[in-house]
Amino acid sequence: MNETETRLQATYDTLHAMPEVGFAEHLTSAWLAERIGTAGFSVTTGVGGTGVVAVLKGTEPGPVVALRADMDALEHVVNGETVRVHSCGHDSHCSMVLTAAEELAKAGIRRGTLKILFQPAEEKLTGATRMIEAGAIDDVDIILGIHLRPIQEAKTGQATPALYHGSSYIMEATITGQTAHGARPHLGINAIDGAAAAVQAVNAIHINPVIPFTCKVTKLAAGGATLNQIPDKAVMALDLRAQQNDAMKLLLTKAEHAIKAGAATVGASAEVTVTGGVPGAEYHPEIIELAREAIRNVLGETGLLAPVVTPGGEDFHNFAQARPSLKAGYIGLGCNLTPGLHDPAMKFDRSALINGVNILIHMVEKLLK
Ligand SMILES: [Zn+2]
Ligand SMILES: [Zn+2]
């Protein structure tokens with residue numbers, strides 16, 4: 001192992017030993033801030049909570065290129081004990097981005113600006129939004145992300161130049177009717193009847209079937225302790241998924257209409273709110289091409305996979321939605337990862353990390369040298 005790889009592995013060991021959950025990445029962010037400061041970057045901490053922004057300027061004008069790494073771990077119950085584990089590999093993302101930043105700083109940036117974003121709370125799907133609100137991407141032209149992939153998607157020595165996460169949202173609704181005595185239902189409006197009609201209407205939603213999507217009712221609750229009373233409230237929740245953002249917009253509109261119209265069939269009203277979610281991936285063709293070239297350069301033609309579509313969500317895609325001029329790209333790195341992400345027993349081939357470092361360096365050098 002050369003010096004860079006030895007440092008990369010030591011960085012990974014350090015971060016792996018301090019797993020912290022979203023917005024509580026205090027040790028992780030302080031450690032990363034110190035290291036990247038030592039590498040010559042100007043560092044701002046406490047960005048959007050526990051986020052870190054580090055900036056290195058070139059001598060000539062040029063684009064602002066950001067590398068983003070998420071920092072948070074997950075909580076699992078193992079043998080009856082709650083433990084924090086880096087089971088999504090975010091420690092490896094920080095290790096790769098930090099090492100790439102250190103190498104790039106050593107060589108120096110000729111033009112433009114290299115910006116490093118260590119982002120909190122990806123698993124809570126709100127960390128990216130908090131950094132956006134704090135102004136972290138106000139001047140950014142190009143943003144790159146990277147994530148370890150399960151063995152089914154990519155093996156050690158392989159990488160995909162574009163990982164297409166889907167869009168996923170949660171919608172919640174309260175259906176309001178009119179209570180009445182069970183003997184006099186004609187004086188009330190049964191919220192359960194309204195909710196049942198809403199469920200039927202939601203299940204009849206269709207959008208263009210060539211775009212993968214699902215729309216499911218995941219919660220329905222109504223009625224209280226008094227069983228001879230007409231209930232006047234029902235609450236429901238929906239989990240919506242679509243592989244394209246335009247399709248998701250349509251799905252959200254149709255779902256809201258279905259709930260309101262369903263409730264209206266019995267004279268009830270519905271209040272509908274989108275309470276969480278993330279947009280799907282939208283990458284710039286230039287950046288995908290650049291990623292292809294970088295992967296070919298580092299791993300050879302056999303290491304270059306086609307773009308991968310994955311049903312999972314990533315809050316990285318809020319960056320491109322918040323700043324339409326932003327060109328985004330996202331590498332999926334093969335590393336023989338088993339049995340799967342978010343499994344507390346997740347393990348992977350650490351020798352693959354240097355591939356991620358070299359792919360990122362190659363991309364930034366093309367953009368800023
Ligand atoms: Zn995850
Ligand atoms: Zn992750």
Side-chain angles (χ1 to χ4, degrees), residues 11-12 15-16 18-25 28-29 32 48-52 66-78 82-98 116-131 143-154 159-160 162-170 239 241 276-281 283 308-320 328-350 352-353 355-356 359-360:
T11 296
Y12 174 78
L15 293 173
H16 193 69
M18 52 167 103
E20 298 170 295
V21 295
F23 295 122
E25 309 94 332
T28 306
S29 59
L32 287 167
T50 42
V52 177
L67 299 183
R68 173 272 204 176
D70 38 15
M71 297 188 289
D72 54 330
L74 285 146
E75 233 165 42
H76 296 280
V77 176
V78 180
T82 301
V83 289
R84 294 189 300 270
V85 187
H86 265 300
S87 56
C88 205
H90 297 184
D91 48 352
S92 71
H93 308 160
C94 289
S95 306
M96 289 188 282
V97 166
L98 175 67
I116 306 298
L117 309 180
F118 292 116
Q119 184 210 298
E122 190 285 322
E123 297 293 351
K124 291 184 158 67
L125 300 179
T126 49
T129 300
R130 288 282 300 278
M131 288 197 85
I143 189 164
L144 307 176
I146 189 164
H147 206 296
L148 303 184
R149 301 318 300 158
I151 194 164
Q152 296 84 356
E153 288 181 14
T160 175
L163 183 62
Y164 283 97
H165 301 97
S167 167
S168 116
Y169 282 89
I170 297 291
D239 174 279
R241 312 250 159 183
V278 282
Y283 301 128
V308 168
V309 175
T310 174
E314 230 286 18
D315 81 344
F316 176 84
H317 306 301
N318 284 306
F319 292 121
Y330 197 105
I331 306 289
L333 185 72
C335 56
N336 292 351
L337 188 153
T338 56
L341 295 165
H342 290 203
D343 186 316
M346 186 277 272
K347 58 182 186 349
F348 66 94
D349 176 3
R350 293 170 53 163
L353 294 180
N355 298 338
I359 291 166
L360 292 174

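Order of appearance sets the numbers: ligands from 1, and atoms from 1 within every ligand. Remember, it's a predicted structure, so these values are computed and weren't measured experimentally.
Under the 30°/60° scheme for interplanar angles, the aromatic rings of H147 and Y330 are found to lie parallel.
Under 3.5 Å, the side chains of E75 and T82 contain no donor-acceptor pair of N or O atoms.
A donor-acceptor pair under 3.5 Å is absent between the side-chain atoms of H93 and the main chain of F118, judged by distance alone. Here the side chain of N336 pairs no donor or acceptor atom with the backbone of D349 at under 3.5 angstrom. Y283 places no side-chain N or O within 3.5 Å of a backbone atom of Y164 that could act as its donor or acceptor partner.
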Worksheet item: Can you check salt bridge (charged side-chain N to carboxylate O under 4.0 Å, His left out) on R130 and D315, steps first, answer last?
Response: CA-CA 11 Å; R130 288 282 300 278; D315 81 344; over 6 Å; no
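Neighbouring protein atoms of the Zn ion (ligand 2) (N, O or S, distance under 2.8 Å, waters ignored): C88 SG, H90 NE2, H147 NE2.
When you scan the N, O or S atoms of H342 for the one nearest the Zn ion (ligand 1), you land on NE2.
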